[in-house]
A.B. asks: 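Have a look at this one.
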Amino acid sequence: KPWLSKVGTTGWPPRGVSDQLCTWRGAMAHRIWFCAWAAAEAFYLPGLAPMEYKQTEAVEMKVNKLTSAKTQLPYSYYHLAFCEPEGGAKPAVTENLGEQMMGDVIETSAYKINMLEDKPCEMLCKKTLKKEEKDRFRNMIADEYLVNWIVDNLPATTRYRQTGSDDKFTNGILVGLPQNGKYFLHNHVTLELHFHSNPELYVGYRIVGFEVEPRSATPKDGQPDCSEKPTPFDLDSTDEVMFSYTVSWKESQVRWASRWDAYLKVQGQGQIHWFAILNSLLILVFLSGMVAMILLRTLHRDIATYNQVPTEEEAKEETGWKLVHGDVFRKPNYSTFLSVMAGSGMQLLGMSVVTLIFALLGFLSPAQRGSLLQSMMLLFTLMGVLGGYTAARLCKVFDGDEGRWKTTTMLQAFLVPGLFFGIFFLLNLCIWGQKSSGAVPFTTLFAILVLWFGVSVPLVFFGAYTGFRKDRIELPVRTNQIPRAIPEQPCYMQPLATSLVGGILPFGAVFTELFFIMSSIWNHEFYYLFGFLSLVLLIVLITCAEISIALTYFQLTSEDYRWWWTSFSASGSSGIYVFLYSVMYFNSRLQIRHWVSVLMYFGYMAIMSCIFGLISGAVGFYSTFTFVRGIYGSIKID
């Protein structure tokens, strides 16, 4: 049964089932079921292919960057004076684009681990620390830096046992602990590795868990103290430090396919997510009721009234959105800029939707470090076709065949990506000045520029060329040469006021999920709740469409035909609330004080807020455009 070595991890089918299925006559349905089961189990999407180790076989432990939620500045593992392997540390893997953007530096380590070989107490090395090395340890202990290790593609976790509830896992191990003005270095670790075996399915042992228990231990008589309650090692007590470790193997019933559950398990937050979904659905139902009332009652009555032959007195007293039919499609101010904003929003929306689809299928699991960020960058590049196409089509609506589609295309290709790249480049210079591994190498920056100028820009131009070759979108009414006078509007109907009010509801539908996303980014937690996120995204998109339609209808009924920018900003202003929420989150949840870290936080949150605002604005704009074309195409115009 050689193919069974690739089958997931369950004990089904029992022995003999496959032979019986092949010999039973007419059992075609059973054969189909068995083949489908085998294919589904053999192709395990969320992780990589399982690796079986033989007894005493060497198990490599790799080291990754040092991270801190206080500074947000990662450093390579050997930035501190840890024990290096013989011949010096070497890169363990070649990082992908996403890992390089995140500052990952995966290298070899000095730890010697063999499958099923327990090591009760092993000395790793002795080091004499210089003054600057001690200072570096102190600073990183004070900033609560975490050590990140990897065994068989599993990150090391620290387990916190809780009475009366499930144990809590945190990613990484603290470098040390500060107490009463002293700094205690974690110079001894207990490595507890969990393995699973199933001789009926495969030969060997699979690693399904990696937990680390750090301790601060003062050596005794020149030997490491590996007892459970050693004397803590004060960093300032001596210049010599001894690193040691213990290895223990523990058999586990956890299958290889489920080994990431401990990392991705939501600690009592499932009810919060469902509450957020319910909250978003209530907002959606409220808006849907409002739009349904507009469409089924008010709008239907208006269309029926407008299509009747009015008397002379009724024609004089006529009011409402029909009166602005000759100006409703008048070109707005800064129409080129509006085309670019809407096109960029559609480009980002396409990137988000396709990324979520791949994430739901399991292709972007945390087991594949950097895959999410890398996929988003590549998809944004490829979606340049969609951005260029939609921007050119809208430009043709505003200016016809003589439209400035070349200018629009150039702005589409360079304005928003250039803004994001400019912020990222300035932040990268600041991070580079701190000698952090989070600084993206210039070779990676060059690769990003190649993606931008070599792939994205040509695709934007191709999409724009295709869009401009299409016939102009037909408008149901003609535009008068002389603009109609707009009646004086009350303060609450001004475009600025309606836009700020409109952005509250899309933000209200997303803010709970936004909290978990920001915690994942800034507190270095795993995020794999893409099912919840997909539901929230769908609700937010519908909310954006409905709030823009509702506010635009109210604006048109007050005989104000300047709806183009209102339809975009009514939902797009939610990006402002996302940024304001990030300010509140910074003050209440984070302890960042270093100026580079503060700059990095607000720089990246500004980019995130712009992305959310552009996506929601584009959805609201195109929904409203379809709505306005529909209602003016339903009435008779003399």
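From a predicted model like this one, the values you see are computed outputs, not experimental measurements.
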A.B. asks: So, does Ser375 use its side chain to make a donor-acceptor pair with the main chain of Thr355 at under 3.5 Å?
C.D. replies: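 No, because the side chain of Ser375 does not come within donor-acceptor range (under 3.5 Å) of the backbone of Thr355.
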A.B. asks: In plain terms, say whether Glu213 and Arg215 are close enough for a salt bridge, that is, a side-chain N and a carboxylate O under 4.0 Å apart.
C.D. replies: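 Judged by the 4.0 Å cut-off on N to carboxylate O distance, Glu213 and Arg215 do form a salt bridge.
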A.B. asks: Could you check Val189 against Val147 for side-chain contact (heavy atoms from CB on, under 4.5 Å), going step by step and ending with a plain yes or no?
C.D. replies: CA-CA 11 Å; Val189 290; Val147 173; over 6 Å; no
A.B. asks: Does Asp152 come within less than 4.0 Å of Arg206, counting only side-chain N to carboxylate O?
C.D. replies: no
A.B. asks: Quick one: are Leu154 and Trp260 in side-chain contact, heavy atoms under 4.5 Å?
C.D. replies: yes
A.B. asks: Salt bridge between Asp118 and Lys250, side-chain N to carboxylate O under 4.0 Å?
C.D. replies: no
A.B. asks: For Gln223, does its backbone N or O pair with a side-chain atom of Asp221 as donor and acceptor, under 3.5 Å?
C.D. replies: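 Absent.
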A.B. asks: For the side chain of Asn187 and the backbone of Met242, is there at least one donor-acceptor N/O pair under 3.5 Å apart?
C.D. replies: yes
A.B. asks: State, with a plain yes or no, whether a side-chain heavy atom of Phe530 is found less than 4.5 Å away from one of Leu361.
C.D. replies: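 Answer no - side chains too far apart.
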A.B. asks: Report the C-alpha separation of Ser597 and Thr71 in whole Å, then their side-chain angles, then the decisive distance to 0.1 Å, and conclude whether the side-chain contact (heavy atoms from CB on, under 4.5 Å) test is met.
C.D. replies: CA-CA 6 Å; Ser597 306; Thr71 67; 4.1 Å; yes
A.B. asks: Measuring from Leu191:CG to Glu122:CD, what's the distance to the nearest 0.5 Å?
C.D. replies: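 Between Leu191 CG and Glu122 CD, I get 11.0 Å after rounding to 0.5 Å.
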A.B. asks: How about Phe137 and Tyr183: are their ring centroids closer than 6.0 Å?
C.D. replies: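 No, they do not, as the ring centres are separated by 6.0 Å or more.
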A.B. asks: Counting neighbours of CZ on Phe358 that are heavy atoms of other residues, nucleotides or ligands and sit closer than 6.0 Å, is the number greater than 12?
C.D. replies: no
A.B. asks: Check the orientation of Trp452 and Phe414. Use parallel for under 30°, tilted for 30 to 60°, and perpendicular for over 60°.
C.D. replies: tilted
A.B. asks: Crowded around Met376 CE? As in, over 12 foreign heavy atoms under 6.0 Å?
C.D. replies: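 Open: at most 12 neighbouring heavy atoms sit under 6.0 Å from CE of Met376.
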A.B. asks: Does atom CD of Gln253 have more than 12 heavy-atom neighbours from other groups under 6.0 Å away?
C.D. replies: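 No - once you tally the heavy atoms of other residues, nucleotides and ligands closer than 6.0 Å, there are 12 at most.
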A.B. asks: Kindly indicate whether the side chain of Leu116, heavy atoms from C-beta on, has any atom under 4.5 Å from the side chain of Thr56.
C.D. replies: no
A.B. asks: Given side chains that start at C-beta, do those of Pro224 and Pro219 come closer than 4.5 Å, heavy atoms only?
C.D. replies: no
A.B. asks: Check whether any side-chain heavy atom of Glu107 sits under 4.5 Å from a side-chain heavy atom of Asn64, and report yes or no.
C.D. replies: no
A.B. asks: Out of the candidates Val59, Leu193, Thr190, only one should pair with Val247 under the side chain to side chain contact (heavy atoms under 4.5 Å, CB included) rule; please name it.
C.D. replies: Leu193
A.B. asks: Has the side chain of Ser437 got a donor or acceptor atom that lies under 3.5 Å from a matching backbone atom of Pro74?
C.D. replies: yes
A.B. asks: Please examine the side chains of Met140 and Leu66, heavy atoms only from C-beta on, and report whether any two atoms are closer than 4.5 Å.
C.D. replies: yes
A.B. asks: Measure the shortest side-chain to side-chain distance between Phe421 and Leu449 over non-hydrogen atoms and say whether it is less than 4.5 angstrom.
C.D. replies: yes
A.B. asks: How are the rings of Phe195 and Tyr205 set to each other: parallel, tilted or perpendicular (split at 30° and 60°)?
C.D. replies: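 The arrangement is perpendicular - the two ring planes meet at more than 60°.
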A.B. asks: Enter the distance from Lys435:NZ to Leu73:CG here, rounded to the nearest 0.5 Å.
C.D. replies: 12.5 Å
A.B. asks: Within this structure, what is the CG-SG distance for the pair Leu427 and Cys430, rounded to the nearest 0.5 Å?
C.D. replies: 6.5 Å
A.B. asks: To the nearest 0.5 angstrom, please state how far the OG atom of Ser248 sits from the CD atom of Glu211.
C.D. replies: 9.5 Å
A.B. asks: What closest approach, in Å, do Ala69 and Asn523 show between heavy atoms, and which atom pair accounts for it?
C.D. replies: CB-OD1, 4.0 Å
A.B. asks: Might you point out which heavy atoms bring Ile173 and Ala156 nearest each other, and give the distance in Å?
C.D. replies: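 In terms of heavy atoms, the two residues are closest at CD1-CB, 3.7 Å.
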A.B. asks: Classify the ring geometry of Phe602 against Phe586: parallel below 30°, tilted from 30° to 60°, perpendicular beyond 60°.
C.D. replies: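 If you compare the ring of Phe602 with that of Phe586, the planes turn out tilted.
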A.B. asks: Which pair of heavy atoms, one from Thr231 and one from Asp225, lies closest together, and at what distance?
C.D. replies: N-OD2, 4.2 Å
A.B. asks: On the 0 to 90° scale, with breaks at 30° and 60°, tag the Tyr585-Tyr581 ring pair as parallel, tilted or perpendicular.
C.D. replies: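 Correct class here is tilted.
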A.B. asks: So how far is it from Ser609 OG to Met605 CE, rounded to the nearest 0.5 Å?
C.D. replies: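 That separation rounds to 5.0 Å.
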A.B. asks: Among Asp104, Asn148, Asn171, exactly one meets side chain to side chain donor-acceptor pair (under 3.5 Å) together with Thr67. Which residue is that?
C.D. replies: Asn148
A.B. asks: Strictly below 4.0 Å, N to O, side chains only: are Asp236 and Arg138 in salt-bridge contact?
C.D. replies: yes
A.B. asks: With rounding to the nearest 0.5 Å, note down the distance linking CZ in Phe233 to OG1 in Thr218.
C.D. replies: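 Spacing of CZ (Phe233) from OG1 (Thr218) equals 6.5 Å.
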A.B. asks: Would you call the rings of Tyr245 and Tyr111 parallel, tilted or perpendicular, where under 30° means parallel and over 60° means perpendicular?
C.D. replies: perpendicular
A.B. asks: Show your working on ring-ring contact (aromatic ring centres under 6.0 Å, His included) between Phe420 and Phe380 and close with a plain yes or no.
C.D. replies: CA-CA 12 Å; Phe420 292 166; Phe380 178 77; 7.2 Å; no
A.B. asks: Under 3.5 Å, is there a donor-acceptor pair linking the side chains of Ser582 and Tyr601?
C.D. replies: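 No.
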A.B. asks: Is there a donor-acceptor pair closer than 3.5 Å between any side-chain N or O of Gln374 and the backbone N or O of Ser371?
C.D. replies: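 Side chain of Gln374 to backbone of Ser371, a donor-acceptor pair under 3.5 Å: no, none is there.
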A.B. asks: Got more than 12 heavy atoms from elsewhere within 6.0 Å of NZ, Lys134?
C.D. replies: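 Yes, enclosed.
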A.B. asks: Do Thr444 and Gln100 pair up side chain to side chain, a donor and an acceptor below 3.5 Å, judged on atom types alone?
C.D. replies: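 Their side chains do contain a donor-acceptor pair, which is all the 3.5 Å distance test asks for.
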A.B. asks: Are side-chain N/O atoms of Arg369 and Asn153 paired as donor and acceptor at under 3.5 Å?
C.D. replies: yes
A.B. asks: Between Leu177 and Ile141, does the side-chain contact (heavy atoms from CB on, under 4.5 Å) criterion hold? Intermediate values first, please.
C.D. replies: CA-CA 6 Å; Leu177 288 173; Ile141 290 174; 5.5 Å; no
A.B. asks: Within the side chain of His196, is there an N or O that forms a donor-acceptor pair under 3.5 Å with the backbone of Ser252?
C.D. replies: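 Confirmed, His196 side chain pairs with Ser252 backbone.
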A.B. asks: Under 3.5 Å, side chain of Glu117 to main-chain N/O of Asn114, donor-acceptor pair present?
C.D. replies: no
A.B. asks: Hey, does the side chain of Ser68 reach the backbone of Asp143 with a donor-acceptor pair shorter than 3.5 angstrom?
C.D. replies: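 Flag set: sc Ser68 to bb Asp143 pair under 3.5 Å.
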A.B. asks: Would you find a donor on one side and an acceptor on the other, under 3.5 Å apart, between the side chain of Ser436 and the backbone of Trp432?
C.D. replies: no
A.B. asks: Can you confirm whether the side chains of Ser216 and His186 place a donor and an acceptor under 3.5 Å from each other?
C.D. replies: no
A.B. asks: In the structure I gave you, are the side-chain heavy atoms of Glu251 and Ser197 within less than 4.5 Å of one another anywhere?
C.D. replies: yes
A.B. asks: Determine the minimum heavy-atom distance between Ser344 and Val416, stating which atoms define it.
C.D. replies: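 Looks like OG-CG2, 3.3 Å.
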A.B. asks: Decide side-chain contact (heavy atoms from CB on, under 4.5 Å) for Leu514 and Phe612; before the verdict, give the C-alpha distance in whole Å, the side-chain angles of both, and the deciding distance to 0.1 Å.
C.D. replies: CA-CA 11 Å; Leu514 184 63; Phe612 187 78; over 6 Å; no
A.B. asks: Could you tell me whether the side chain of Asn428 and the main chain of Val440 form a donor-acceptor pair under 3.5 Å?
C.D. replies: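 Present.
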A.B. asks: Please state whether the rings of Phe442 and Phe425 are parallel, tilted or perpendicular, taking 30° and 60° as the class boundaries.
C.D. replies: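 Answer is perpendicular, since the angle exceeds 60°.
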